[in-house]
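Atoms considered below: every heavy atom in the structure, side chains included; atoms not considered: hydrogens, waters and symmetry mates.
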Amino acid sequence: MKILVCISNVPDTTSKITFTNDNTAFNNVGVQYIVNPYDEIALSKAIDLAEGGKGSVTVITVGDASTDATIRKALATGADNAIRINALPRDAWFVANQIANYAKESNFDLILTGRESIDYNGTQVGAFIASILNIPSVSISKKLDIDGRTATVEREIEGGKEVLTLNLPAVIGTAEGVAETKIPNMRGIMTARTKPLDVIEPIEVTQLSRIVKFETPEPRGAVTLVDASDVEKLVSLLHEKAKVI
């Protein structure tokens with residue numbers, strides 16, 4: 001089984017987020033970047049599926065040379081080889097087209113993504129890739145089993161769970177529960193240096209969206225404590241100050 005895992009290069013969750021150029025650009029000065037945590041789940045599942053010579057795992061990302069350290073971590077975790085498409089990830093449509101263009105020439109049996117990236121939280125790339133390749137897709141899967149050319153996927157829906165079966169090839173977005181995140185060991189870190197990381201140039205993609213401005217959330221206001229027995233005051237504050245009723 002040939003498995004392609006899409007990974008994103010995202011700011012560490014502890015990073016302080018600021019913007020520059022009149023809030024039109026992300027300020028990456030001093031920011032530590034990591035493999036998107038949901039993509040780590042996808043990678044771990046791919047490694048499990050390919051274990052014991054049952055398949056191969058290729059990781060792919062869209063980014064410039066600054067993402068190489070993130071890619072090498074994915075290789076250290078257990079991926080066999082890596083592809084970097086040499087372009088800044090403009091938007092989800094751009095990223096999906098770059099990945100799909102590479103995937104359609106390589107006949108992958110399974111394409112895994114994280115449920116979303118933790119920076120933009122769009123949950124779009126996987127579905128876009130599937131649409132471009134004209135293959136089935138499932139987003140936010142909580143469990144994934146492969147039997148021959150059939151994938152069984154379980155995901156949560158309002159009030160219960162949904163179990164789907166689909167034929168491979170397919171694109172599946174992974175969430176917590178699909179696999180335990182793997183941590184690179186020393187042997188993996190050493191071998192990652194010799195694993196192939198191929199850099200390819202991007203294709204032209206029509207730009208359909210553009211970021212106009214970033215805004216940070218408003219600072220949290222002071223907490224108002226209300227005695228549990230003073231229901232009248234609580235209702236008054238919710239109505240007049242919070243304006244939620």
- request: Might you work through the side chain to side chain donor-acceptor pair (under 3.5 Å) test for Thr58 and Asn81, ending with a clear yes or no?
  value: CA-CA 5 Å; Thr58 299; Asn81 60 293; 3.0 Å; yes
field: side chain to side chain contact (heavy atoms under 4.5 Å, CB included) between Thr77 and Ile47, worked out
entry: CA-CA 9 Å; Thr77 302; Ile47 294 169; 3.9 Å; yes
query: Under the side chain to side chain contact (heavy atoms under 4.5 Å, CB included) criterion, do Phe128 and Asn97 qualify, and how do the steps go?
result: CA-CA 8 Å; Phe128 281 154; Asn97 271 274; over 6 Å; no
query: Step by step, would you call Thr174 with Arg115 a side chain to side chain contact (heavy atoms under 4.5 Å, CB included)?
result: CA-CA 5 Å; Thr174 62; Arg115 61 176 288 175; over 6 Å; no
field: Arg149 and Asn167: CA distance, side-chain angles, deciding distance, side chain to side chain contact (heavy atoms under 4.5 Å, CB included) verdict
entry: CA-CA 6 Å; Arg149 302 295 298 173; Asn167 295 327; 5.9 Å; no
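Interatomic distance, OG of Ser8 versus CD1 of Ile118, reported as 9.5 Å (0.5 Å rounding). In this structure, CG on Leu208 lies 6.5 Å from CH2 on Trp93, to the nearest 0.5 angstrom. Phe19 CZ to Glu215 CD: the interatomic distance, rounded to the nearest 0.5 Å, is 9.5 Å. The CG atom of Leu75 sits 13.0 Å away from the CZ atom of Arg193 when rounded to the nearest 0.5 Å. In this structure, CD in Glu116 is found 10.5 Å from CG in Asp39, a value given to the nearest 0.5 Å. In this structure, Ile211 CD1 and Phe26 CZ are separated by 11.0 Å, a value rounded to the nearest 0.5 Å.
Of the possible donor and acceptor atoms, none in the side chain of Ser236 sits under 3.5 Å from a partner among the backbone N and O of Glu232. A donor-acceptor pair is defined here as one N or O able to donate and one able to accept, closer than 3.5 Å; no such pair exists between the side chain of Lys104 and the backbone of Asn101. Between the side chain of Asn28 and the backbone N or O of Val31, no donor-acceptor pair lies under 3.5 Å. A donor-acceptor contact shorter than 3.5 Å links the side chain of Ser44 to the backbone of Lys182. Here the side chain of Arg90 pairs a donor or acceptor atom with the backbone of Val205 at under 3.5 angstrom.
Remark: Asp147 CG is loosely packed, at most 12 non-hydrogen atoms of other residues, nucleotides or ligands lying under 6.0 Å away. Around the CD atom of Gln207, the shell of radius 6.0 Å holds more than 12 heavy atoms that belong to other residues, nucleotides or ligands. More than 12 heavy atoms of other residues, nucleotides or ligands sit less than 6.0 Å from atom CD1 of Ile157.
Looking at Thr152 and Val163, their side chains come closer than 4.5 Å, going by heavy atoms from C-beta outward. By the 4.5 Å heavy-atom criterion applied to side chains, Thr150 and Leu166 are not counted as neighbours. Using a 4.5 Å cut-off on side-chain heavy atoms (C-beta onward), Thr224 and Leu237 make contact. Taking 4.5 Å as the limit, some side-chain heavy atom of Val171 sits within range of a side-chain heavy atom of Thr113. Residues Gln32 and Pro11 have side chains not in contact (no heavy-atom distance under 4.5 Å, counting atoms from C-beta outward). Residues Tyr120 and Val125 have side chains not in contact (no heavy-atom distance under 4.5 Å, counting atoms from C-beta outward). Glu180 is not listed as a side-chain neighbour of Lys45, based on a closest heavy-atom distance of 4.5 Å or more.
Linking ILVMFWY side-chain heavy atoms closer than 4.5 Å, directly or via other members, places Val57 and Ile7 in a single hydrophobic cluster. When hydrophobic clusters are built by joining Ile, Leu, Val, Met, Phe, Trp and Tyr residues whose side-chain heavy atoms come closer than 4.5 Å, directly or via intermediates, Val178 is grouped together with Leu110. Hydrophobic clustering keeps Leu4 apart from Val59 (ILVMFWY residues linked when any side-chain heavy atoms are closer than 4.5 Å, directly or through intermediates). If you chain together hydrophobic residues whose side chains sit under 4.5 Å apart, Val5 and Ile129 never meet in one group. Under the 4.5 Å side-chain heavy-atom criterion for ILVMFWY residues, no single connected hydrophobic cluster contains both Ile111 and Ile172.
The minimum heavy-atom distance between Leu168 and Gly148, with the atom names listed, is CD1-O, 4.0 Å. Arg72 and Ala192 make their closest contact through NH1-O, 2.7 Å (heavy atoms, listed as atom of the first residue, atom of the second, distance). Nearest approach of Ile203 to Phe94, heavy atoms of both residues: O-CE1, 4.3 Å. Of all non-hydrogen atoms in Ile99 and Ile85, the two that sit nearest each other are N-CD1, 4.0 Å. Between Tyr102 and Ile60 the shortest heavy-atom distance is CD2-CD1, 3.7 Å. In plain terms, the two heavy atoms of Pro37 and Val10 that are nearest each other are CD-CG2, 4.3 Å.
Side-chain contact annotation: Asn36 with Ser117, donor-acceptor N/O pair under 3.5 Å absent. With 3.5 Å as the limit, one finds no donor-acceptor pair spanning the side chains of Asp22 and Thr24. Residues Asn27 and Thr20 bring no donor and acceptor atom of their side chains to less than 3.5 Å of each other.
Residues Asp198 and Arg84 are not paired through a salt bridge, judged by the lack of any N-O separation under 4.0 Å between the basic side chain and the carboxylate. Note on Glu156 versus Lys161: no salt bridge recorded, every NZ/NE/NH1/NH2 to OD/OE distance being 4.0 Å or above.
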For residues 130-145, please give each side-chain donor-acceptor pair under 3.5 Å, one per line with the distance, not counting sequence neighbours.
residue : atom : partner : partner atom : Å
Ser141  : OG   : Gly173  : O            : 2.7
Lys142  : NZ   : Glu176  : O            : 3.4

